[in-house]
Novice: 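Quick one: the structure is below, questions incoming.
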Amino acid sequence: YYITSAGNQARAGNAKEIIWNAIIGLVIAFFVGILFITINPDILKFSPKFNSKIIGANLTTSDLISNSIGEVQPAGTSTTPTGEAITPSGNAMADKAMAEYNYWGKGSKKECDASMRSRITDYWASAGFPYRKCDKVAWSAAFISYVTGLKAAGHWQYINDAYHHKNGWTFNDIHKYTPKVGDLICGTRGDGVFNPNKQYQGHCDIVYSVKGNIVTTVGGNVGDTVRLKHFKLVGGHLKNSNLITVLSHP
């Protein structure tokens, strides 16, 4: 506008106003950015939204391990997709999770069954909370608390603590780390978005076995019971971008 004003004072004045407005806008954006970084250094970092379909939800039959999706196994499952028997892992936490799977009738019993309410009471007690009414409050994190001793009512708590090196667990890059027995495979659920500094909806399952490129996990409150899932490794790693991390423990 200014270059082509050709002596037109109105056009030149309009051009100057545009230039000054742009400069003022850049200055404001700069100081707002400084303010945000001062309040929270991570606030301007890109945080992708993860799809909870991978974990903590009932998956459809189209969600197959051939697509690297964590497939929820039918109730009563006791073998891997390749037909191998699921045998004791030798890891105390993983074997405790498998004992719970068996206690829940390999996924055939439900959370509102009268016989299972005392078990959920134990889970909540291990997380430091009283029992909540069945079918109202998600208890998957309480299950992980019972199995691992992490003591959390929400998965986001121990995921974020691991991210900040606060609980002895290691926050691993899923694209570089190969899951091992006793690890936790973690993702978000619902509209949850991973943020290491705030609460969000999440879910984790404990790794029970790694056979070839198939990872078998145990998770609580999956389909209102304790169920197995199978994940497929590609090149030794989980490639599905819907996951947040794999947490490992010494």
Side-chain angles (χ1 to χ4, degrees), residues 52-65 69-81 85-89 91-159 181-192 200-209 215-231:
S52 66
K53 193 177 185 182
I54 181 70
I55 201 162
N58 291 325
L59 305 184
T60 66
T61 54
S62 62
D63 296 320
L64 303 175
I65 57 169
I69 303 260
E71 182 188 9
V72 178
Q73 296 302 290
T77 298
S78 58
T79 62
T80 70
I86 298 175
T87 55
S89 70
N91 177 280
M93 290 184 293
D95 285 339
K96 187 173 182 178
M98 181 56 70
E100 292 306 300
Y101 172 66
N102 290 324
Y103 188 86
W104 283 78
K106 297 183 177 179
S108 63
K109 299 177 182 179
K110 298 295 183 179
E111 65 181 61
C112 289
D113 292 352
S115 61
M116 302 311 299
R117 294 181 186 179
S118 62
R119 203 56 159 193
I120 300 179
T121 298
D122 293 339
Y123 298 161
W124 279 115
S126 67
F129 292 89
Y131 174 71
R132 318 293 182 85
K133 185 177 180 180
C134 75
D135 201 31
K136 295 294 182 183
V137 180
W139 47 272
S140 55
F143 173 81
I144 292 296
S145 296
Y146 179 83
V147 169
T148 67
L150 277 166
K151 199 176 182 64
H155 298 278
W156 66 274
Q157 294 171 291
Y158 60 79
I159 295 173
V181 174
D183 289 349
L184 296 174
I185 295 179
C186 302
T188 58
R189 61 183 178 84
D191 294 325
Y200 51 87
Q201 295 185 71
H203 183 91
C204 296
D205 289 335
I206 188 166
V207 176
Y208 182 77
S209 73
V215 177
T216 299
T217 65
V218 184
N221 198 31
V222 179
D224 298 332
T225 185
V226 175
R227 297 282 286 274
L228 302 185
K229 295 194 190 87
H230 294 307
F231 294 83

Novice: Let's go through L184 and Y158 carefully: what are the C-alpha distance in whole Å and the side-chain angles of both, what is the deciding distance for side chain to side chain contact (heavy atoms under 4.5 Å, CB included) to 0.1 Å, and is it a yes or a no?
Specialist: CA-CA 11 Å; L184 296 174; Y158 60 79; 3.9 Å; yes

Novice: Give the minimum heavy-atom separation between K110 and G223, together with the two atoms involved.
Specialist: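 Nearest pair, atom of K110 first, then G223: NZ-O, 2.9 Å.
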
Novice: Looking at V181 and S209, what are the two nearest heavy atoms and their distance?
Specialist: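 It is CG2-CA, 3.9 Å.
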
Novice: Is there a donor-acceptor contact under 3.5 Å from the side chain of H203 to the main chain of G187?
Specialist: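 Checking the backbone N and O of G187 against the side chain of H203, no donor-acceptor pair under 3.5 Å is found.
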
Novice: Walk me through it: do T188 and Q201 pass the test side chain to side chain contact (heavy atoms under 4.5 Å, CB included)?
Specialist: CA-CA 6 Å; T188 58; Q201 295 185 71; 5.9 Å; no

Novice: Apply side-chain contact (heavy atoms from CB on, under 4.5 Å) to T217 and list each qualifying residue two or more places apart in sequence or on a separate chain.
Specialist: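 With sequence neighbours excluded, T217 shows a side-chain contact (heavy atoms from CB on, under 4.5 Å) to I185, D205, V207, V215, K229, F231, given in chain and number order.
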
Novice: So, the side chain of K96 versus the backbone of Y146: is there a donor-acceptor pair under 3.5 Å, distance only?
Specialist: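 Judged by distance alone, yes, a pair lies under 3.5 Å.
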
Novice: Do the non-hydrogen side-chain atoms of K151 and S126 ever get within less than 4.5 Å of each other?
Specialist: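 Not touching, per the 4.5 Å side-chain cut-off.
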
Novice: Find the distance between OG1 (T148) and CG (D183) and round it off to the nearest 0.5 Å.
Specialist: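 If we round to the nearest 0.5 Å, T148:OG1 and D183:CG are 12.0 Å apart.
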
Novice: Give the C-alpha distance, both sets of side-chain angles, the deciding distance and a yes or no for salt bridge (charged side-chain N to carboxylate O under 4.0 Å, His left out) between R119 and E111.
Specialist: CA-CA 9 Å; R119 203 56 159 193; E111 65 181 61; over 6 Å; no

Novice: Please tell me if the side chains of Y101 and L228 come closer than 4.5 Å, counting only heavy atoms from C-beta onward.
Specialist: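 Answer yes - side chains close enough.
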
Novice: Look at the side chain of S145 and the backbone N and O of A152, then say whether any donor-acceptor pair between them is shorter than 3.5 Å.
Specialist: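 A pair under 3.5 Å: yes.
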
Novice: Can you check side chain to side chain contact (heavy atoms under 4.5 Å, CB included) on Y131 and D122, steps first, answer last?
Specialist: CA-CA 8 Å; Y131 174 71; D122 293 339; over 6 Å; no

Novice: Can you list the residues that meet the side-chain contact (heavy atoms from CB on, under 4.5 Å) rule with K109, with sequence neighbours excluded?
Specialist: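 Scan of K109 (side-chain contact (heavy atoms from CB on, under 4.5 Å), adjacent residues dropped) gives W104, D113, M116.
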
Novice: Applying side chain to side chain contact (heavy atoms under 4.5 Å, CB included) to I159 and C204, what does each step give before you reach the verdict?
Specialist: CA-CA 9 Å; I159 295 173; C204 296; 3.7 Å; yes

Novice: Do F143 and V218 come close enough that some side-chain heavy atom pair is under 4.5 Å?
Specialist: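 With C-beta onward as the side chain, the pair touches.
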
Novice: Quick one, Y123 with W139, criterion ring pair (Phe, Tyr, Trp, His ring centres under 6.0 Å). Give me CA distance, side-chain angles, the key distance, then yes/no.
Specialist: CA-CA 8 Å; Y123 298 161; W139 47 272; 5.7 Å; yes

Novice: Return the minimal non-hydrogen interatomic distance between A127 and A153, and the atom names on each side.
Specialist: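 Heavy atoms only, the tightest pair is CB-N, 4.5 Å.
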
Novice: Just by distance, do the side chain of K106 and the backbone of R227 share a donor-acceptor pair under 3.5 Å?
Specialist: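 No; zero donor-acceptor contacts below 3.5 Å.
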
